[in-house]
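Just so we're on the same page: letters track the sequence lines, and every chain starts at 1.
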Amino acid sequence: MEYLSSLNDKQVKAVKHIDGPLLVLAGAGSGKTRVITVRIVHLIAEHDVLPHNILAVTFTNKAAGEMRERITAMLIGRKLKSAPLISTFHSLCVRILRQDIEELQEGYTRSFTIYDTDDSLKVIKGAIKDLGFDTKQIAPRQVLNAISGSKNRGEDHELFSSRVDYADEKRAAIGRIFKAYEERLNNANALDFDDLLIKTVRLLRKSPETRAKYNDRFKYILVDEYQDTNPLQFALVKYLTEQQQNICVVGDDAQSIYGFRMADIRNILDFEKHFPNAKTVMLEQNYRSTQTILDAADSVISNNRGRKEKKLWTDNPDGDQLIYFQAFDADSEAKFVASQIYDHRRLNPKDKVAVLYRTNAQSRVFEEALRRMRIGYNMVGGFSFYERAEIRDIVAYLKLSLNTFDDIALSRVINTPARGLGKATLEELERVRKDLDCSYWEAIETVLSEDFEGTFSVTPRAVKSLKLFRGIVNGLIAKIGECSKTERPVSDVVIAAIEQTGYSYMLKSDNSEESEARLANLEELVNAAVDYDRQESDGLRDFIDHAALSSDTDKFDRNAPVTLMTVHSAKGLEFPVVFLVGLEDGIFPHARSINDPLELEEERRLAYVAITRAEKKLFITHSTRRRVYGAETTAEPSQFLNELPLDLIKDVSRGNSWLSFAKSSTTLENKRAAAALRGETHAKPKSTYTGKTYNSNEAIAEFFKSKSGKDSNEDRSKESKPKKSGIEKLREFAGKDRKEPVAAPAGRFLPGAHVRHAKYGKGLVLRREGSGDNVKLTVSFPGFGQKKLIEKFAKLETA
DNA sequence: AAGTAAATTTTTTTT
DNA sequence: AAATTTACTT
């Protein structure tokens, strides 16, 4: 049991708890993955549990892969007949459904197709058109979000529609689209990502036998990142552990960052309620970061109201200060990051570096800067291999061959490569499909069948093309059958799909560089297929499932010197050096979250996750100018910067920065103001607040008021979740405020104007009240918060 | 029917 | 600014 010696007492406690529910509340960097992996090894080695009977569930393939690797390494040398199943929620569901979905009797067969987000959007677009709506009035993306949200809360389209207020036309429309969407998926024998969970839960609910079967199979279940489970995932866990109750969940409420996917933090907070007799272990010793980094993280997260008090501590040294850089624009920010990486790696070549940003769109400038300095990097997320058009085309051929009801796959490839099937033919086909209420494939069969010759308005040329297309797909179907018993059931079919569809001919006859790159990509697909065949091959279907469920996130390479990724993707990872970039209001926290206190708290947890990724060095940067949709805008420093302990930060900006102002402003007045905003009577002695933190109702009220002047034309009323009435009122208030005409003489400081103040420096005018000599201005000074000034006395200058 | 030019939209975060 | 969709020419 030497593997136990490397654990602390609490960790050992978690590992040694065998039977019954166990909750491990594990702070950032407290060795949570270690506990899970050692626990699994312990179950096998000491308690003779068959690996086959163990299930560990994670959220990402990346996490699953990592865990699998570690466990395999620890179990090396033991002769085991089976391996524990380590899987994401989604692939677990696919595994169950591929076996038992027919029990559900909802018309689905085992050869169902998985629709990814892109496919779903296409279905929605089709449904919108079919119902006579316009995609301009109803954004498909918005519909998908509404549908997905509803599904993840465990609601179906009927429940959705029953909740429609008749005055709300848009919601009523979405309800109808929802229904049509479900019908289309059902007809196509297709499941979207959410359906994978829904159908599995429904199956387990419906069939006690199936439930018993999996309870029997999975005697010990572990769930990682439990704070990110949504109601469906919770239900799944509940059913799977119904009999044996051997459930171990690990998570940290402070790191719950998937609220937008309906993750419910209460799942972890109420674990003891959901699973009586649960034992709880708290892991609070951090092994990862320096004290300074932990202080910074704690200082930020302590601004959240809804959280379990947890005190993370470490034996690690204080370490370096945080390094702060304010850039002039996004390019100079990237340049700074690249040169710092260069310098750091010259002295510490072994240190892995991560650049973390809020949104994928930010990655570009960093890629360019790193390339310019010839620093090798690895980017996670963004554009996945399987998202490339040529890969998707070939995969679509394969999906269609496995399931000819897959309308989306069919419409993707019917004229790819071009074979002379144009708009007219496709429209005729669509009509036939609608009239007969069948799939495209059946429509093609009908159009081509001799019984109906002359019935349809298709040109002879089109008939020829359709026959060609049908021949190709039938050829592939035959090929799949032939190859299924051979040594190469996947790669031979993939090669056939590339060759027989005319795809490789198309790319080869076009001698552009792009075509060559695409051919190379297809070769990579073949390589992946060959690899798949070489491993214990589960056949073509699994290969395709894998393509659907893998996002490039799991392509994370721990050996890459520099990794670029979103903060979300970085969860669960750690790096000696971390750059947290783009700390600006509107980016981090994201503009979409700024108006909702709960979403803002999630952004703060996200910031907490970002900070706690760092082991030794943390760089934080922001830029004063940034392009949004190609237009240059000025950017305010992130409100989270205000929440950091400023005395732990070293400013390396050129010239005067937001931080230099913030640091010099430690007047009593500001401290009092900050304390009052937090609803405290006395400022904490340790506090270094200088500005406003937006976490009290008053502050939020002021925030709304101030924003009203800024983007006055924006319609932000639509499709908002039910919120606290107080917030609604504030919005209304902000709305009224907005309409008030601002009758100020020209040349004065109107809302939106950039001004300079002798003491506070640059600021933005948010509000203007009164007239004549009594004009009062509300001005936001980065680092000082908002100030009310009498225009006459303030001696403001235009900046 | 296919290729090109013009217009329009896009950005949260992920399986 | 880039990518996607639509409109227009051949």
Quiz item: Over how many whole Å does the gap from A/N145 atom CG to B/dT11 atom C1' extend?
Solution: 12 Å
Practice problem: Sorted by first residue and then second, give each side-chain hydrogen bond (donor to acceptor under 3.5 Å, both in side chains) pair with at least one member in residues 456-465 of chain A; sequence neighbours left out. | Solution: A/E428-A/S457
Quiz item: Are OP1 or OP2 of B/dT14 and a side-chain N or O of A/S569 less than 4.0 angstrom apart?
Solution: yes
Quiz item: Residues in side chain to side chain donor-acceptor pair (under 3.5 Å) with A/N415, at least two apart?
Solution: none
Quiz item: Can you name the side chain to side chain donor-acceptor pair (under 3.5 Å) partners of A/R184, sequence neighbours left out?
Solution: A/D130
Quiz item: For A/Y181, which of A/I147, A/I128, A/N186, A/I174 qualifies under side chain to side chain contact (heavy atoms under 4.5 Å, CB included)?
Solution: A/I147
Quiz item: When the nearest nucleotide of DNA chain B is assigned to A/H90 and to A/R592 on a heavy-atom basis, which residue is associated with the more 5' position?
Solution: A/R592
Quiz prompt | A/F260 side chain, from C-beta outward: closest of B/dA1, B/dT14, B/dT11 | solution = B/dT14
Practice problem: Find the distance A/R141:CZ to B/dT13:C1' and express it as a whole number of Å. | Solution: 11 Å
Quiz item: Parallel under 30°, tilted from 30 to 60°, perpendicular over 60°: which one fits the rings of A/Y258 and A/F59?
Solution: parallel
Quiz item: What is the distance from CD of A/Q362 to C1' of B/dT13, rounded to the nearest Å?
Solution: 11 Å
Self-check item: Euclidean distance for P, B/dT11 against C/dT6 (whole angstrom)
Solution: 15 Å
Quiz item: What is the distance from CZ of A/F59 to P of B/dT14, rounded to the nearest Å?
Solution: 14 Å
Filtered N/O pairs between nucleotides 2-4 of chain C and protein, under 3.5 Å:
| from | atom 1 | to | atom 2 | distance (Å) |
| --- | --- | --- | --- | --- |
| C/dA2 | OP1 | A/R364 | NH2 | 3.4 |

Exercise. Report the distance from atom CD of A/E387 to atom P of B/dT15, rounded to the nearest whole Å.
Key: 10 Å
Self-check item: Pairwise P distance, C/dT4 and B/dT13 [rounded to whole Å]
Solution: 15 Å
Quiz item: How close or far is atom P of B/dT15 from atom NZ of A/K571, stated in whole angstroms?
Solution: 11 Å
Quiz item: Base, sugar-phosphate, or nothing for A/F89, non-hydrogen atoms under 4.0 angstrom?
Solution: nothing
Quiz item: How many Å lie between NZ on A/K62 and P on B/dT14, as a whole number?
Solution: 9 Å
Quiz item: Do we count A/Y258 as stacking onto B/dT13 if the rule is ring centres under 5.5 Å and planes under 30°?
Solution: no
Exercise. Evaluate the ring planes of A/H546 and A/Y532, with Trp represented by its six-membered ring, and classify them as parallel (under 30°), tilted (30 to 60°) or perpendicular (over 60°).
Key: tilted
Quiz prompt | Residues A/K399 and A/D119 bridged, charged N to O under 4.0 Å | solution = yes
Quiz item: If you look at every strand shown and take non-hydrogen atoms under 4.0 Å, does A/N360 touch a base, only sugar-phosphate, or nothing?
Solution: sugar-phosphate
Practice problem: Determine, for A/F575 and A/R558, whether the Lys NZ or Arg CZ falls below 6.0 Å from the six-membered ring centre while staying within 45 degrees of the axis. | Solution: no
Self-check item: Distance in angstrom units between A/D596 CG and B/dT13 C1', rounded
Solution: 15 Å
Quiz item: Any side-chain N or O of A/N230 under 4.0 Å from OP1/OP2 of B/dT15?
Solution: no
Under 3.5 Å, which protein N or O atoms sit close to an N or O of nucleotides 2-8 of chain B? Give each pair with its distance.
| from | atom 1 | to | atom 2 | distance (Å) |
| --- | --- | --- | --- | --- |
| B/dA2 | OP1 | A/G420 | N | 3.2 |
| B/dA2 | OP2 | A/N415 | ND2 | 3.4 |

Quiz item: Does the ring center of A/Y505 lie less than 6.0 Å from the ring center of A/Y503?
Solution: no
Quiz item: Looking across every strand, which nucleic acid part, if any, lies under 4.0 Å from A/S91 by heavy atom: base, sugar-phosphate, or nothing?
Solution: nothing
Practice problem: Can you sort out the partners of A/T229 under side chain to side chain donor-acceptor pair (under 3.5 Å), two or more places apart, ordered by chain and number? | Solution: A/N267
Quiz item: Considering heavy-atom distances to DNA chain B, does A/T117 or A/A424 have its closest nucleotide positioned more toward the 5' end?
Solution: A/A424
